[in-house]
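A note on names: the letters A, B, ... follow the listed sequences, proteins ahead of strands, and every chain is numbered from 1.
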2 protein chains.
Amino acid sequence: MPSVFWILFDGGGDRPVGGRTPFHTAFKPTIDYLTSLGSCGILDPIAPGVRPGSDTAHLALFGYDPYKYYTGRGAFEALGAGLELKPGDVAFRTNLATIDDNGMVLDRRAGRYITPEEVEAVENLMANIAEDIKRKYGVEIIYKSTVEHRGVLVLRGSVSHKVSDTDPHKVGAKLLESRPLENSKEAVLTAEVINEVTKRFSEVAKDLEINRKRRLEGRLPINAILLRGGGYMPQIEPVRERYNIKAAAIAGVALIRGVARAVGMDVYTARGLGGTKDDMFDEAVRLAVELMGRYDLVFLHVKGTDSASHDGDFKGKVSVIERLDKALTPYLDKLLNNYVVITSDHATPISIKEHTGESVPILLYGPDVVTDDVSKFSELTCWRGALGRIRGIDVMPILGSYLALTEKFGE
Amino acid sequence: MPSVFWILFDGGGDRPVGGRTPFHTAFKPTIDYLTSLGSCGILDPIAPGVRPGSDTAHLALFGYDPYKYYTGRGAFEALGAGLELKPGDVAFRTNLATIDDNGMVLDRRAGRYITPEEVEAVENLMANIAEDIKRKYGVEIIYKSTVEHRGVLVLRGSVSHKVSDTDPHKVGAKLLESRPLENSKEAVLTAEVINEVTKRFSEVAKDLEINRKRRLEGRLPINAILLRGGGYMPQIEPVRERYNIKAAAIAGVALIRGVARAVGMDVYTARGLGGTKDDMFDEAVRLAVELMGRYDLVFLHVKGTDSASHDGDFKGKVSVIERLDKALTPYLDKLLNNYVVITSDHATPISIKEHTGESVPILLYGPDVVTDDVSKFSELTCWRGALGRIRGIDVMPILGSYLALTEKFGE
């Protein structure tokens, strides 16, 4: 039985600068060879012009209407961090940050780099706060650091996600009070708990040993926690049931790992896949090819193209694409006997440094897929291809049909 | 006034094998001449990747969302067999079959060929059972044979379509008991009636004179009736009202005749149109051209491409297309002054022998339709055309607009 290797370049789409895009510029002989044998098209990850987040775009690409299934970033971050979410739990994405004496945010990332010792100190601090909160409000809180300043906070009890963020989302603004966004006692309680946690964190953190040390080293203290994207576990019928597809995802980034877990994919990572523009893909591709023997679909998330885009680094973006292509080359024969999908979850143009809403190129290669005229995978060429213009949510049904796994509708 | 001649090759779409498909291979100068003058595109009969049944695909192509209007195969089969369905009636597609003493299915079609004398004996037997059922349960049952082993069974009374099939859908499995699929007294009663009919049929049939004769001739006995696809009459606003289009359908296959009747088309058949890959189309095309004088739209259903595909018969599929093309040739001048649509309701690739979910080619020819670059009707070319990628449900509004029959929306 053939399977599908689906490679997604996060933020891979771009706009032409001087007539070129990173996809168009990259030397990627293996991807372009597959392109010359397959069907190309353009893809609206959510709908034409909609600027997707990586989480909503991945939900759509995995076959779930994000307008129906997206329940806030926090839930997917928590899943991606390896936490279990129970029905009723509310999860937030958190930042460790630096504020001044008036509560004004000086750095939303407290200098970004956090040592393992600091992580431990913060997690201990949160565990202490959790005990008090449990006693006072009957609400359980679970904090987990993920990468650098990032973390997740889960609230368990009579809580609601209908509360506002404490993260002001910019430097120079004051750390916000959370407010209930609906008139329910759960929302009122949740906002109260969040505000208490936020206040306690800053009170206790300023006297932590790690911050004394940080000050000595001239580093910014970790003296605030910012919450955003409150969400709850979506009720999602797994990919295996909805599409009869057994799927694995290889991803280094917590948010994408979380979305993949939420839709019931088995989640893997690989050496070299840290989620930066310096990632190396040899191990990830080797693992993907191995997993193709056990799964109908193997999804590989490439974060570096998005990271480079947010930095405005054209060359870096090209280099990520070229490194991925090089990692594919040893497996060309294997790929030629299976299906290969290459696309992106949204454009992040180098010139804009933010997610934008234009369509992105898509390739579908397969031994029995129509060969069109397109022989280079690029924004400048794929619109000419045999797939025409499709949407993110169309991809899984198309693959399910090629894999002969989906049910017929009618007789 | 021009009208539309719409030719649909059932299961006509295919996947390239050695770089070719049946549409690409067929010598079809008339269709390709029209193609060279018209607009081509690719069509998702229901939605990208969705594997359609012929019934759901035709509903969509006739302009009705099958997710809203599809009420089970049985209803369309019954309509196609010429039965009237009243609100509340439940209809099943039936097979006459052969079982062994333990109720295991030996042949789901009882050898397929049924003589007129045998049809009469079976209909008489069912009429007797109907009397008892009516007395015992107050439920009226109406059985009608259609072609070969095929038939329909209509239940009228306090019945429900929410019951399971008795057809195990494969040889070597036992004839199933029908079970209610919901907790209503109608569903419970319906399952009971079906099981009683099924039991009585096998008890009485085994002693029928026709079966004594069949055994002597070495033929399989008709000793079971298999039910599947329970459905009810959909509430459908006729094509004439919804699209202001007066439409006729020419089809030999009961299921398609049923869908056409359900949407309010006048249904015709023609000599040579038996629904097999040996069909001849001269009479059907002659009739279609005649009907174009009286209808806005004439739909011709060509079943042979699907039959050949299920048999894995590439040459046979090509031959069906070539015969249809040849039948068109004498009417080329007439066609050039009207609109012609050529498409398919789904792909049935020769290599798969089952309905699949990829898009199929579509041609729209008309004296005032844009001419694009495509000059050959094929999966390998039509994606290049001026129509782009559309859906089944888009076709009727497009035709209504070219015919200047549909209402303007707004001012």
* Which pairs with one or both residues in residues 366-399 of chain A pass ring pair (Phe, Tyr, Trp, His ring centres under 6.0 Å), sequence neighbours excluded? -> A/Phe23-A/Phe377
* So do A/Thr371 and B/Pro16 actually touch side chain to side chain, heavy atoms under 4.5 Å? -> no
* Asked: Is the number of heavy atoms from other residues, nucleotides or ligands under 6.0 Å of A/Glu241 CD greater than 12?
  -> yes
* Structure fact -> Tightest non-hydrogen contact, residues A/Pro397 and B/Pro48, listed as CB-O, 3.4 Å
* Can you tell which part of A/Val369 gets under 4.5 Å to a heavy atom of chain B, answering side chain, backbone, both or neither? => backbone
* To do: For B/Asp55 and A/Glu411, indicate whether the former's side chain and the latter's backbone hold a donor-acceptor pair under 3.5 Å.
  => yes
* Does atom OH of A/Tyr268 have more than 12 heavy-atom neighbours, drawn from other residues, nucleotides or ligands, at distances under 6.0 Å? -> yes
* Asked: Quick one: do B/Arg384 and A/Asp373 make a salt bridge, cutoff under 4.0 Å?
  -> yes
* Structure fact -> Heaviest contributor of heavy-atom pairs below 4.5 Å to chain B, chosen from A/Ile393, A/Thr406, A/Leu399, is A/Thr406
* **Non-hydrogen side-chain atoms of B/Pro52 and A/Lys408 separated by less than 4.5 Å** => no
* Has B/Lys162 got more than 12 heavy atoms of other residues, nucleotides or ligands less than 6.0 Å from its NZ? -> no
* Structure fact -> One option among B/Ile46, B/Thr21, B/Thr56 has the most heavy-atom pairs under 4.5 Å with chain A, and it is B/Thr56
* To do: Tell me, for A/Ala404 versus chain B, whether the close heavy atoms (under 4.5 Å) come from the side chain, the backbone, both or neither.
  => neither
* Side chain to side chain, A/Leu387 and B/Arg389, heavy atoms closer than 4.5 Å -> yes
* Which atoms of B/Pro349 come close to chain A, meaning under 4.5 Å heavy atom to heavy atom: side chain ones, backbone ones, both, or neither? -> neither
* Is it the backbone or the side chain of A/Arg391 that comes under 4.5 Å from a heavy atom of chain B, or both, or neither? -> neither
* What residue in A/Gly400, A/Gly385, A/Gly388 has the most heavy-atom pairs under 4.5 Å with chain B? -> A/Gly385
* Please say whether more than 12 non-hydrogen atoms of neighbouring residues, nucleotides or ligands are located less than 6.0 Å from NZ in A/Lys68. => no
* Exceeds 12 heavy-atom contacts within 6.0 angstrom, atom CZ of A/Arg242 -> yes
* Side chain to side chain, A/Phe409 and B/Arg51, heavy atoms closer than 4.5 Å -> no
* **chain A contact via B/Phe76 - side chain, backbone, both or neither, heavy atoms under 4.5 Å** => neither
